[in-house]
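One structure is given here, and the rest of the page talks about it.
Note that the structure is predicted; figures quoted are calculated from it, not measured. Hydrogens, waters and symmetry mates are skipped; everything else that's a heavy atom, side chains included, is used. Quick note on labels: first sequence line is chain A, next is B, and so on, each numbered from 1.
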Amino acid sequence: MSKRILDMVFSAFLIAGAIYLWNVADSFPVFEKFKSVDSDYWPKLVLVLIILMALLLLVQSVIEYLLLVYTNVRTTIESHEIGTVSYIKLIATGVLIVGYVFALEPLGFIVSTLGFLYIAENIPEYENWKVKLVFPVLFTAVLMFFFIYLLSLSLPRGSGIFGTLSLLFY
Amino acid sequence: MLDGYISAFEYIFSGPLSILLIVGGTIWGILFGAVPGLTGIVGVALLIPFTFALEPTQGLLLLGSVYVGSTYGGSISAILFNTPGSPEAACTALDGHPMAKQGQAGRALGIALSASAIGGIFGTLALMLLAPPLARVALSFGPAEYFALATLGITAIASIGSGSFLKGILSGLIGIGIATVGADPLTGIGRFTFGNDMFLTGVGFVPAIIGLFALSEVLERFSERGVVGEVIAKTSTKLPSIVELITLKWTLLRSSFIGLVIGILPGVGATTASFIGYSEAVRWSKTPEKFGKGAPEGIAAPESANNSAVGGAMIPLLALGIPGSATTAVMLGGLTIHGIVPGPLLMLQNKELVFSVFVGMMLANLLMIVFGLKAATIFAKVLDVPYALVGSAIAVFCITGVYALNNNMIDIAVMLSFGAFGFFLKKFDVPIAPLIIGMVLGPIAETNLRRALILSDFRLDPIISSPLSASLLILSVVSLMYGFYGQYRRFKRAQMQMKRL
């Protein structure tokens with residue numbers, strides 16, 4: 001996707017967001033004591049500046065895009081990093097991280113961390129199965145020692161059978 | 001002052017823990033600086049939740065040592081792999097890797113290490129000498145001066161950099177906007193909370209920075225293929241001789257001074273210092289044509305500048321409570337969780353902490369020489385560790401670190417949101433450092449501007465008439481104009497390129 005188009009989308013999103021938040025700021029309570037430097041003063045100042053800068057970026061992007069189209073240029077300048085993103089891996093990583101967060105409380109630190117690491121290390125390309133087998137166990141053990149015994153910080157134990165398992169270790 | 005240093009030495013050397021923290025922090029910093037994608041900011045951010053279990057002074061010793069080590073660490077991968085481990089080492093790669101390809105990798109690493117140590121010691125000495133008197137001067141600062149200083153910090157970081165100026169300014173403004181969420185500092189009403197009381201305390205700063213820097217990097221690296229530079233392994237660091245150091249003396253002195261000045265400027269840090277140090281070295285050199293091909297000055301200049309900027313950046317943080325760089329902005333989070341407010345009163349009320357930081361950073365610079373000699377050999381092996389393992393480990397570190405902070409799922413939600421936000425900002429080529437600076441400096445600018453206006457009966461002239469605030473505001477305008485001019489030149493250059501094609 002064209003870098004310029006991304007810039008246009010970004011600018012448009014910022015302008016729309018800033019206008020929406022301006023309306024939200026309008027509903028802040030008014031304090032007579034603070035007159036013209038009330039609660040909405042600073043947010044509105046920032047939002048105006050965002051709109052101005054976003055407009056400048058939008059204009060610049062449009063001009064550059066039109067020039068590209070006019071000169072019919074196909075150059076490597078236009079290749080954008082977003083074209084090299086694997087959306088499957090991105091979504092998988094996001095889902096896995098969120099899943100790990102939700103699993104921490106019910107499953108406890110040990111089980112959820114082991115599960116997360118065993119799955120996560122397979123997302124990028126890496127083939128050494130011996131290291132992939134050993135690393136999660138070692139890392140979880142080191143982290144557990146670090147948090148609980150060295151720093152005396154609490155970690156979730158989990159509930160039910162997972163809680164019983166955690167009690168064996170901490 | 002002398003009794004301050006005596007009590008600092010007594011504190012640090014009274015037991016092994018402080019020394020271990022300085023040693024561990026320096027090694028951690030070199031590691032995070034050396035591995036591309038990790039960076040010193042991530043190294044500092046990841047440790048902040050853990051400093052909760054330490055005393056405030058110990059926490060700051062740890063974080064300060066990480067900052068010192070990481071600024072040098074980036075040069076290792078820059079020289080060996082032509083991939084700077086951190087942004088401040090980008091210029092080091094320009095001459096460091098060519099020198100390494102000529103079979104002089106050990107010499108390149110040695111020059112980088114020596115220059116880093118010299119610049120770091122210079123910056124720390126300046127910190128020791130300048131922070132206390134600046135703090136005394138700062139006691140006379142009023143709201144107008146603080147507003148002007150915060151404004152300079154926000155405009156400076158957006159305008160001095162290699163990326164798009166408009167995006168830098170927008171990033172800073174977005175950071176300022178995010179900082180308005182929560183209770184208004186003057187009226188106390190909730191702003192942009194959307195009826196949700198949990199946002200009254202604002203957006204958690206530590207979870208936000210861990211998400212923005214560390215988690216977004218994991219998302220980025222896991223979802224795309226990384227670029228592997230040409231590898232030069234199996235080498236050891238060879239320190240330069242005294243004669244070689246003497247031939248580099250003017251480069252080292254000039255770059256260290258540049259680094260110090262840039263570091264002191266609020267919001268700007270080691271990366272900018274290294275770029276300006278390098279470009280000035282080219283300008284002043286009698287043989288500028290040798291730069292880019294393995295010139296020793298091309299390594300010494302950016303390394304001494306970026307390490308000197310570390311000490312420089314600590315000066316406004318400790319003396320004024322205003323971060324001198326993105327990393328010190330992150331360190332501010334580490335102070336906040338201990339309830340410590342940096343600024344002129346800190347220098348008066350908590351001398352032991354301040355002088356311990358001075359001594360600790362000096363020790364970290366000296367230890368950097370010791371560890372740096374072995375670092376290249378060891379870290380070249382660390383760099384072989386696949387990101388599949390490193391990235392997974394960082395993700396676990398982020399989540400458990402933030403969880404351990406307050407046992408609060410809201411913090412985790414903030415971290416996850418900012419992780420996704422940071423990922424998309426990177427895809428849109430929007431720099432993240434100005435956003436962090438905006439989040440830190442925004443509330444300072446707002447509170448002081450509104451106070452100044454209330455005190456002056458809502459007139460602007462007292463703000464402009466103060467000599468210091470006027471000078472700082474003029475500098476802000478100059479840096480804005482410089483940024484707009486640079487943006488305009490880039491735009492014109494792109495137009496000319498397209499027309500030629």
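With respect to chain B, the highest number of heavy-atom pairs below 4.5 Å among N128(A), L21(A), T113(A) belongs to L21(A). Ranked by non-hydrogen atom pairs under 4.5 Å with chain A, the options L219(B), T400(B), L186(B) are led by T400(B). Interface summary for chain B: among I91(A), L90(A), T93(A), the most heavy-atom pairs under 4.5 angstrom belong to L90(A). For the set V396(B), L453(B), V430(B), the count of heavy-atom pairs under 4.5 angstrom toward chain A peaks at V396(B). Counting heavy-atom pairs closer than 4.5 Å to chain A, the top-ranked of the candidates A393(B), A395(B), A445(B) is A393(B). Chain A forms the most heavy-atom pairs under 4.5 Å with one residue out of L215(B), I189(B), T180(B), and that residue is I189(B).
Both the backbone and the side chain of P156(A) come within contact range of chain B, judged by heavy atoms closer than 4.5 Å. For F192(B), the parts sitting under 4.5 Å from any heavy atom of chain A are the backbone and the side chain alike. Contacts of L104(A) with chain B are made by side-chain atoms alone, with heavy-atom separations under 4.5 Å and no backbone atom involved. For chain B, no part of A18(A) is nearby; none of its heavy atoms comes within less than 4.5 Å.
Residue pairs meeting the side-chain hydrogen bond (donor to acceptor under 3.5 Å, both in side chains) criterion with at least one partner in residues 20-31 of chain A, sequence neighbours excluded, are D26(A)-K44(A).
M409(B) places a side-chain heavy atom less than 4.5 Å from the side chain of V101(A). Two residues are said to be in side-chain contact when any heavy atoms from C-beta on lie closer than 4.5 Å; E105(A) and Y403(B) meet this criterion. A 4.5 Å side-chain heavy-atom check between W42(A) and T447(B) finds every atom pair outside the cut-off.
Distance check, rounded to the nearest 0.5 Å: CG of L170(B) to CD1 of I51(A) gives 11.0 Å. Rounding to the nearest 0.5 angstrom, the gap separating the OG atom in S223(B) from the CD1 atom in I88(A) is 12.0 Å. The CG atom of D40(A) sits 9.5 Å away from the CG atom of D184(B) when rounded to the nearest 0.5 Å.
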Requested in this report: Go through the steps to decide whether D7(A) and K167(B) satisfy the test salt bridge (charged side-chain N to carboxylate O under 4.0 Å, His left out), and finish with yes or no.
Outcome: CA-CA 9 Å; D7(A) 286 348; K167(B) 287 182 182 175; 2.7 Å; yes

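Using modelled atom types, one side-chain atom of R191(B) and one backbone atom of S39(A) make a donor-acceptor pair closer than 3.5 Å.
Scanning residues 55-62 of chain A against chain B with a 4.5 Å heavy-atom cutoff picks out L56(A), L57(A), Q60(A), ordered by number.
Note: F424(B) and F13(A) fail the aromatic proximity criterion, with ring centroids not under 6.0 Å apart.
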